[in-house]
Amino acid sequence: MHRIAMSLVVAALFTAPVRAGTLDPEGAQELPAYSVADRGAPEVTEANLLASERFWPYQAALLSSGAPTGAKHALAAGALGVVIRAEAGARVRLDFGRDGLVTLPVRDTDLLGRANAIRSGVVTKTAPNLTFAIAPRLLDAEAEAPRRVRLEASMERSGFLCLFADPSAPGFARLAASLAPLGGRGVLPVLFPQGEHPDAALLPKLRAAGWRGAFALDHMSEAYTRTLLDDGAHLPLLALYSAEGRELWSGAVGAAIPPELERALADGFAPQH
């Protein structure tokens, strides 16, 4: 699929108007009940935005016209972008589809107002942002035939350990084996296969390689890779995200688990039994 078209598809999936108790339009699964409203929580500000990620909205709008870095052209005030994640330094990564993927100061958007609307219960949030965006488009790598990962199973995980790699590359089986134990650390391992790998053909290869977890649909993987990673990211790459999409760690992959990743897992995730 054309790059622009795929970018728009990803943007649409991040913001699809689905609510708990209804069916996800692509995965045809009922979304579990979910609520994060908490009027007793502190007001969401630039200072506590990362700590308040449960209230991150799916979209944010520009407060004034301009051409932020990454935009293909000037954007009008009120232009809506998909919130990929908030980042350190009170910045937010937004996907405007065909208009570009940008990172800009939170103060240049209405993100805080939208977050506080979710906190107060004025706006209902369907699910954690990254879970809602990718979970219905994941296939179970441990199934005998292609099948979607159950949304309930994804909602039980506190985050995603995402590997952006070519599963046909030498050494992939060793890498899969080294990462397999991490699936019990409260995260769902997800492979975003690089290159063309039809789903039905890839499944038995992943099973044989010992990949434990899930993998993105072939026709979605390139677009998600481009959305989640910064331009120029060197692949293969491993990244740890919270369920909301906050990047907790990213780096090169190898036979040994980096101590920094071990610490990030220990700090942010509870073991799964």
Side-chain angles (χ1 to χ4, degrees), residues 50-51 53-54 84-88 93 128-131 133-135 137-143 149-150 153-195 197 202-218 220-222 224-273:
L50 294 182
E53 61 183 299
R54 58 180 167 150
I84 304 305
R85 58 178 171 266
E87 299 181 343
R93 183 176 176 86
N129 283 8
L130 187 57
T131 301
I134 69 173
R137 290 95 203 171
L138 299 179
L139 296 179
D140 185 347
E142 300 176 57
V149 172
R150 292 187 305 108
S154 297
M155 293 279 282
E156 292 170 358
R157 304 296 183 109
S158 300
F160 301 90
L161 183 64
C162 298
L163 175 62
F164 303 86
D166 184 346
S168 64
F172 179 81
R174 292 195 301 273
L175 177 58
S178 71
L179 297 177
L182 301 184
R185 303 283 292 274
V187 296
L188 178 64
V190 177
L191 171 67
F192 289 87
Q194 305 301 299
H197 300 280
L202 180 57
L203 178 57
K205 293 180 181 178
L206 293 183
R207 284 171 55 86
W211 177 256
R212 299 289 182 262
F215 64 101
L217 292 165
D218 180 56
M220 303 295 300
S221 185
E222 179 186 353
Y224 277 128
T225 299
R226 190 167 57 254
T227 299
L228 291 170
L229 300 184
D230 293 331
D231 289 343
H234 181 69
L235 303 183
L237 183 141
L238 187 65
L240 178 65
Y241 299 105
S242 72
E244 294 292 350
R246 182 159 62 101
E247 185 179 288
L248 303 173
W249 179 89
S250 67
V253 293
I257 302 301
E260 297 82 3
L261 174 56
E262 288 280 10
R263 285 195 292 270
L265 285 165
D267 291 344
F269 301 94
Q272 299 287 302
H273 302 290

Does the side-chain contact (heavy atoms from CB on, under 4.5 Å) test come out yes or no for L175 and L163, once each step is laid out?
-> CA-CA 10 Å; L175 177 58; L163 175 62; 3.7 Å; yes

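- Checking side-chain atoms of S221 against main-chain N and O of P193 turns up a donor-acceptor pair under 3.5 Å.
- Atoms CG and NE2, from L206 and H197 in turn, are 9.0 Å apart once rounded to the nearest 0.5 Å.
- When all heavy atoms of L203 and D140 are compared, the pair lying nearest together is CD1-O, 3.5 Å.
- The CD1 atom of I257 lies 8.5 Å from the CG atom of L265; values are rounded to the nearest 0.5 Å.
- Rounding to the nearest 0.5 Å places CD of Q194 at 5.0 Å from CG of L235.
- The backbone N or O of G186 lies less than 3.5 Å from no partner atom in the side chain of R157, so there is not a single donor-acceptor pair.
- The list of ring pair (Phe, Tyr, Trp, His ring centres under 6.0 Å) pairs with a residue in residues 157-186, not counting sequence neighbours, reads F164-F192.
- In this structure, L240 and A264 approach most closely via the heavy-atom pair CD2-CB, 3.7 Å.
- Not counting sequence neighbours, the partners of A233 by the side chain to side chain contact (heavy atoms under 4.5 Å, CB included) test are L229, L237.
- Of all the heavy atoms in P236 and A165, the pair that sits closest is CB-CB, 3.7 Å.
- Among residue pairs with one or both ends in residues 235-247, those qualifying as side chain to side chain donor-acceptor pair (under 3.5 Å) are E53-S242, E53-R246, K125-E244, E247-S250; sequence neighbours excluded.
- For P128 against A243, the heavy-atom pair with the smallest separation is CB-O, 3.4 Å.
- By the 4.5 Å heavy-atom criterion applied to side chains, L202 and L139 are not counted as neighbours.
- In this structure, I134 CD1 and N129 CG are separated by 11.5 Å, a value rounded to the nearest 0.5 Å.
- Across all non-hydrogen atoms, the minimal contact from L188 to A214 is CD2-CB, 4.3 Å.
- In this structure, D267 places its CG atom where more than 12 heavy-atom neighbours from other residues, nucleotides or ligands lie under 6.0 Å away.
- Closest approach of S168 and D166 over heavy atoms only: OG-OD1, 2.6 Å.
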Could you go step by step and tell me if Y224 and R137 meet the side-chain contact (heavy atoms from CB on, under 4.5 Å) rule?
-> CA-CA 11 Å; Y224 277 128; R137 290 95 203 171; 3.7 Å; yes

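- A 4.5 Å side-chain heavy-atom check between W211 and P167 finds every atom pair outside the cut-off.
- Here the CG atom belonging to L130 is positioned 9.5 Å from the CZ atom belonging to R85, to the nearest 0.5 angstrom.
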